[in-house]
Amino acid sequence: MKGLAEKEVEADKVTWPIVSKEIGNDLPELYQKINATTRTIRNFLVENGVKANEINVNAPVVIDLNAERYGENRQGYRYNITSIITVTSKNVKLVRSIIARQGDLLQKGVAIVDGGYENPVKYEYVAFRQMKPKMMQEAIENAEQTAAQFAENSKSKIDKIMNADQGQFSIEDRDSNTPYIKKVRVVTTVTYSLKD
């Protein structure tokens, strides 16, 4: 018999990559701009409650479009600098509220670029281990109830557990609109013997 246990939980960890770009022809000037942008973003985060140890600033990535092997640079600029500041926090509600207000950075002259496929906001549920034993128990109880119904229908009784599979746990987004709500699920398989 298969037993199922399912729970919906809120994510307890968020990773938010904040991507900004600068383009132009003067590399030293672009570095000054990207450093100023980084300071502004960092200050905005700290002012809104993000702890300094939750903020990680990566080295900027510079692309020299004149050095590209394929194609010609038909842009009006030579350099494209990308900076990524990553916020990793267990205070998911706070970070979600800041993400909703990131437009405030526009008033400070900072445009945040969509992280796209490479740098999405990630929500995780890391306290999973604490709920694992209880969910296993629920899945086994569910399998036993199903087995008891099957035994009753066949005019017999459940005897012993012959074999049991711990089951497979999965943690997925509840849906695409609420990735910060996770669906935790376990399916276990228990084989019972029956007696008359």
Side-chain angles (χ1 to χ4, degrees), residues 1-19 41 44-46 48-58 82 84-103 112-196:
M1 295 293 154
K2 291 199 181 296
L4 169 68
E6 256 183 352
K7 290 215 178 309
E8 281 189 6
V9 295
E10 289 196 22
D12 57 6
K13 181 181 175 187
V14 59
T15 304
W16 175 29
I18 305 168
V19 182
I41 294 170
F44 172 76
L45 294 170
V46 171
N48 283 284
V50 177
K51 297 175 186 162
N53 66 350
E54 297 174 326
I55 302 168
N56 183 40
V57 179
N58 298 318
T82 303
I84 301 176
I85 298 172
T86 306
V87 175
T88 304
S89 177
K90 292 187 175 181
N91 194 341
V92 177
K93 285 184 181 177
L94 173 72
V95 173
R96 282 190 57 234
S97 74
I98 297 170
I99 290 171
R101 291 191 345 268
Q102 65 184 316
I112 302 297
V113 180
D114 179 25
Y117 180 76
E118 292 179 353
N119 296 294
V121 179
K122 290 182 188 170
Y123 295 95
E124 299 173 65
Y125 183 66
V126 294
F128 163 68
R129 287 189 186 131
Q130 296 164 358
M131 71 188 307
K132 189 174 176 182
K134 187 169 186 214
M135 284 194 72
M136 278 300 302
Q137 180 182 350
E138 286 177 24
I140 291 168
E141 287 171 2
N142 180 269
E144 189 174 341
Q145 288 172 0
T146 304
Q149 184 64 52
F150 183 82
E152 183 182 319
N153 292 349
S154 64
K155 306 213 183 331
S156 53
K157 294 180 180 173
I158 295 177
D159 195 15
K160 298 177 185 173
I161 292 178
M162 303 298 290
N163 189 11
D165 174 11
Q166 175 185 321
Q168 183 174 2
F169 280 86
S170 64
I171 302 174
E172 298 172 351
D173 296 349
R174 179 180 70 182
D175 57 64
S176 60
N177 296 319
T178 55
Y180 50 89
I181 299 177
K182 301 295 181 184
K183 183 165 57 174
V184 182
R185 180 180 185 176
V186 61
V187 178
T188 187
T189 304
V190 183
T191 305
Y192 296 93
S193 62
L194 299 177
K195 63 182 179 180
D196 293 331

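Any value given below was found using the heavy atoms of this structure, including those in side chains, with hydrogens, waters and symmetry copies removed. Note that the numbering runs from 1 along the sequence shown for the chain.
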(Q) Would Met136 and Val186 count as a side chain to side chain contact (heavy atoms under 4.5 Å, CB included) here? Give the steps. (A) CA-CA 7 Å; Met136 278 300 302; Val186 61; 3.9 Å; yes
Q.
Run the side chain to side chain contact (heavy atoms under 4.5 Å, CB included) test on Ile41 and Ile112 for me, step by step, so that the C-alpha distance in whole Å, both residues' side-chain angles and the decisive distance to 0.1 Å come before the verdict.
A. CA-CA 9 Å; Ile41 294 170; Ile112 302 297; 3.9 Å; yes
Q: Let me see the working for Asn56 and Thr88 under side chain to side chain contact (heavy atoms under 4.5 Å, CB included), right down to the final yes or no.
A: CA-CA 8 Å; Asn56 183 40; Thr88 304; over 6 Å; no
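Closest approach of Ile85 to Val57, counting heavy atoms only: CG1-CG2, 4.3 Å. Shown here for Val92 and Asp12, the closest heavy-atom pair between the two residues is CG2-C, 3.6 Å.
Asn153 and Gln149 share a side-chain donor-acceptor pair at under 3.5 Å. Side-chain contact check for Glu141 and Gln137: at least one donor-acceptor pair (N or O, by modelled atom type) lies under 3.5 Å.
Contact check for Val50 versus Ile55: side-chain heavy atoms found under the 4.5 Å cut-off. Residues Thr82 and Val113 are not in side-chain contact: their nearest non-hydrogen atoms beyond the backbone lie 4.5 Å or more apart. No side-chain heavy atom of Val190 sits under 4.5 Å from any side-chain heavy atom of Glu144.
Residues passing the side chain to side chain donor-acceptor pair (under 3.5 Å) test with Lys90, sequence neighbours excluded: none. With sequence neighbours excluded, the residues that form a side-chain contact (heavy atoms from CB on, under 4.5 Å) with Glu10 are Lys93. Not a single side chain to side chain donor-acceptor pair (under 3.5 Å) links Asn177 to another residue, sequence neighbours left out. Tyr192 meets the ring pair (Phe, Tyr, Trp, His ring centres under 6.0 Å) test with no other residue; sequence neighbours excluded. Shown here are the side chain to side chain donor-acceptor pair (under 3.5 Å) partners of Ser170, two or more places apart in sequence or in another chain: there are none.
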Enumerate donor-acceptor pairs with a distance under 3.5 Å from any side-chain N or O in residues 114-133 to protein atoms, sequence neighbours excluded.
residue : atom : partner : partner atom : Å
Asp114  : OD1  : Gly116  : N            : 3.3

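Rounded to the nearest 0.5 angstrom, Thr86 OG1 and Asn58 CG are separated by 4.5 Å. To the nearest 0.5 angstrom, Asn48 atom CG is 12.0 Å from Ile99 atom CD1. Annotation: the span from Leu4 atom CG to Glu138 atom CD amounts to 9.5 Å, rounded to 0.5 Å. Here the NZ atom belonging to Lys7 is positioned 6.0 Å from the CE atom belonging to Met135, to the nearest 0.5 angstrom. Atom-to-atom distance recorded for Ile18:CD1 and Ile84:CD1 is 10.5 Å, nearest 0.5 angstrom. Atoms CD1 and CZ, from Ile181 and Arg174 in turn, are 3.5 Å apart once rounded to the nearest 0.5 Å.
Ion pairing between Lys183 and Asp173 fails under the 4.0 Å rule for side-chain N and carboxylate O.
Panel note: side chain Lys182, backbone Pro179; a donor-acceptor pair is recorded below 3.5 Å. Under a 3.5 Å cut-off, the side chain of Thr189 and the backbone N or O of Lys2 do not form any donor-acceptor pair.
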